[in-house]
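All figures in this text were calculated on a predicted structure; none of them were measured in a lab. We're numbering straight along the sequence, starting at 1.
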Amino acid sequence: MIKITRLFDFPYYQLENKPNAKALVTKYNGEWKSISTQEYVDKSNTISRALLRLGIQKDDKIAVISTTNRTEWNIMDIGILQLGAQNIPIYPTISAEDYEYVLNHSESIYCFVSDEAVLEKVRKVQANTKIKEIYSFDHIEGCKHYSELFELGKDTSNQPEVEARKDAVKPTDLATIIYTSGTTGKPKGVMLSHWNITSNALDSSPRVPLVEGDNRVLSFLPICHIFERVLIYVYQHEGASIYFAEAIDKIGDNAKEIKPHLMSVVPRLLEKVFDKIMLKGEELSGIKKGLFFWAVRLGERWEPYGANGWWYEFQLKIASKLIFSKWREALGGELKTMVSGSAALQPRLARMFGAADMKVMEGYGLTETSPVVSVGMYKDNHYKVGTVGKAIGNVKIKIEEDGEILVKGPNVMLGYYKDPEKTAEVMSNGYFHTGDKGEVDADGFLKITGRKKEMFKTSGGKYVIPPLLENDMKQSLFIEQIMVVGEGEKMPAALIQPNFDFIRDWIDLKKHNIGKTDVEIANSEQVISRIQEEIDKYNKHFGKWEQIKRFELTPDVWSIEGGHLTPTMKMKRAIIKGIYQDLYDKIYRN
């Protein structure tokens, strides 16, 4: 019986206990291609044999950069890890300069890329790094294809050496270094051991509502981020079929094709899905429109476990049949649960999707905690709207006097690579200082109230917690992104990226005489005045001192490529303020 203590034990455990004919499934040239658990194990061993022939030693670093999640990434992951080497995953969207920094800091000697765009960036900086060779998953002229390793590893005569290397890997050994995108400065390399991540996957597994038998999950959040990666190990442990989405904008199409039972999401994605649904509702007329918005109003009041009573549940059944069933169909019709992480989810969205019987389980964690600290679960009353669930097994949460969340457990990182000072700053008595503020209620549910660093004081000495205001304001369909500013200023204000797509449809619907480019929308007095109505509405939920007194609209979309957002869609506050310094000055200096 295989005991899972290291990351590469997962596929072997699946092979022994829950072998799957469709373990990993990726779409190539319009067709879904699957590999079985047996093929997954065999191919990983072939890669290990090839890497041994390339001279890979214990603790060598191999970078893997993929634009989308795919079968090849997972084969490489196991092939690298079972030799005692480390997989260095890199976000595909960062700049060539950042590639250079990560490749050098990690001392990576080989690099695997998914496609031409990534290859181009690596080629730009390769001469300044220790990279001996680049292999690609796609067939690209002038680049070695990763299938060459299957040729190199075909001869099984060195398999005993692979087995010896596997046996020598200890649970406490380093498995991976994950470079946090960081909202400031150079990325930090978080060192995670096999047991950090393995224990986290095993302790999170009981919270994942997979059913017996054929489970299909859709994977699209970047696998280079620890959230999706740990879920992939959880899915493997449970014997699920993992389908890798083609791209973030193809999620709806892919979901309709494969009919997933579960997928992970970030709040930004749910906001976009919900915005699209609401737009469709606006286009309806007569009784259909009336029914649609009746269902939405009902959904906004949803409470778990039938807490609203029999009459509400009876109405919900009708709404489900007439309206919410169409929402479910848009995501394949069999999706029961979504796991949300990386940022705070608006309670309104949790209620809406809960009412539509696609429950969103919010979790909390950081790269440094491998990542799961807590997560909701619908069964056993482990779910409460507006919280991130209860701590998972073996993980302890402590709240400091100033409200900071501290975490202790087998999931807490080994430290920051080559940076003992920074490691010492965040660790005390085995507890990791998260930098987040929160509270644990009487039932043991954790609620996140903000980031320590994001809180600020106005010149009048009043404290403002931007995420609380931002999450409330983002419920408006007119607001795509909002950043509350005002540290040391006389009042809070906001920089807002309008929801350009929604506003264009709103212009058509209302037959307004407004130009439709992003710049025209951001400068339109009618749009500004309509968004002012939204701000006034949400301001009522806050004290006078924390209300948004002024705002400016940005004329472009905040994006990862534009430098506004980290790869996990968090705002880079200092950078956004810098990009729109003129708008900031307009608010406070004019």
Legend entry - Test side chain to side chain donor-acceptor pair (under 3.5 Å) applied to Thr68 - qualifying residues, sequence neighbours left out: none
Legend entry - Ser136 side-chain N/O to His145 backbone N/O, donor-acceptor pair under 3.5 Å: no
Inset, instruction - Using salt bridge (Lys or Arg N to Asp or Glu O under 4.0 Å) as the criterion, list what pairs up with Glu39, not counting sequence neighbours. - result: none
Legend entry - Contacts of Asp253 that satisfy side chain to side chain donor-acceptor pair (under 3.5 Å) - sequence neighbours left out: none
Legend entry - Check: Thr67 main-chain N/O paired with Ser114 side-chain donor or acceptor under 3.5 Å: yes
Legend entry - side-chain contact (heavy atoms from CB on, under 4.5 Å) partners for Lys326, two or more places apart: none
Legend entry - Within-4.5 Å side-chain heavy-atom neighbours: Val162 and Gln159: yes
Legend entry - Check: Glu16 side chain, Ile2 main-chain N or O, donor-acceptor pair, under 3.5 Å: yes
Legend entry - Counterpart residues, salt bridge (Lys or Arg N to Asp or Glu O under 4.0 Å), relative to Arg328 (two or more places apart): none
Inset, instruction - Please work out which of the three classes, parallel, tilted or perpendicular, describes the rings of Phe274 and Trp327, given edges at 30° and 60°. - result: perpendicular
Legend entry - NZ/Lys58: more than 12 non-hydrogen atoms of other groups inside 6.0 Å: yes
Inset, instruction - Just say parallel, tilted or perpendicular for the rings of His564 and Trp558, cut-offs at 30° and 60°. - result: parallel
Legend entry - Distance-minimising heavy-atom pair for Tyr179 and Tyr417: OH-CD2, 3.7 Å
Inset, instruction - For a side chain to side chain contact (heavy atoms under 4.5 Å, CB included) with Ile232, tell me which candidate from Asn69, Asn74, Leu24 qualifies. - result: Asn74
Inset, instruction - Output every pair passing salt bridge (Lys or Arg N to Asp or Glu O under 4.0 Å) with a member in residues 257-271, not counting sequence neighbours, ordered by first then second residue. - result: Lys27-Glu257, Arg268-Glu271, Arg268-Glu480, Glu271-Lys474
Legend entry - Counterpart residues, side-chain contact (heavy atoms from CB on, under 4.5 Å), relative to Leu279 (two or more places apart): Phe502, Asp505
Legend entry - Derivation and outcome, side-chain contact (heavy atoms from CB on, under 4.5 Å), residues Leu54 and Glu133: CA-CA 10 Å; Leu54 288 176; Glu133 191 63 79; over 6 Å; no
Legend entry - Residues that Tyr110 engages under side chain to side chain donor-acceptor pair (under 3.5 Å), provided they are two or more places apart: none
Inset, instruction - Return yes when atom NZ of Lys166 has more than 12 non-hydrogen atoms of other residues, nucleotides or ligands closer than 6.0 Å, and no otherwise. - result: yes
Inset, instruction - Fit a plane to each ring of Tyr243 and Trp32, take the angle between them on a 0 to 90° scale, and name the class: parallel (under 30°), tilted (30 to 60°) or perpendicular (over 60°). - result: perpendicular
Inset, instruction - Classify the angle between the aromatic ring planes of His105 and Tyr101 as parallel (below 30°), tilted (30 to 60°) or perpendicular (above 60°). - result: parallel
Inset, instruction - Would you kindly say whether Arg49 and Thr46 are connected by a side-chain donor-acceptor distance under 3.5 Å? - result: yes
Inset, instruction - For Leu583, check side-chain contact (heavy atoms from CB on, under 4.5 Å) against everything at least two apart and list the hits. - result: Leu495, Glu552, Thr554, Tyr580
Legend entry - Whether over 12 other heavy atoms sit under 6.0 Å from Glu120 CD: no
Legend entry - Residues forming a salt bridge (Lys or Arg N to Asp or Glu O under 4.0 Å) with Lys250, sequence neighbours excluded: Glu246
Inset, instruction - State which residues pass side chain to side chain donor-acceptor pair (under 3.5 Å) with Ser340; sequence neighbours excluded, sorted by chain then number. - result: none
Inset, instruction - Just jot down the side-chain contact (heavy atoms from CB on, under 4.5 Å) partners of Val169, sequence neighbours excluded, or say none. - result: Arg6, Phe8, Asp173, His194
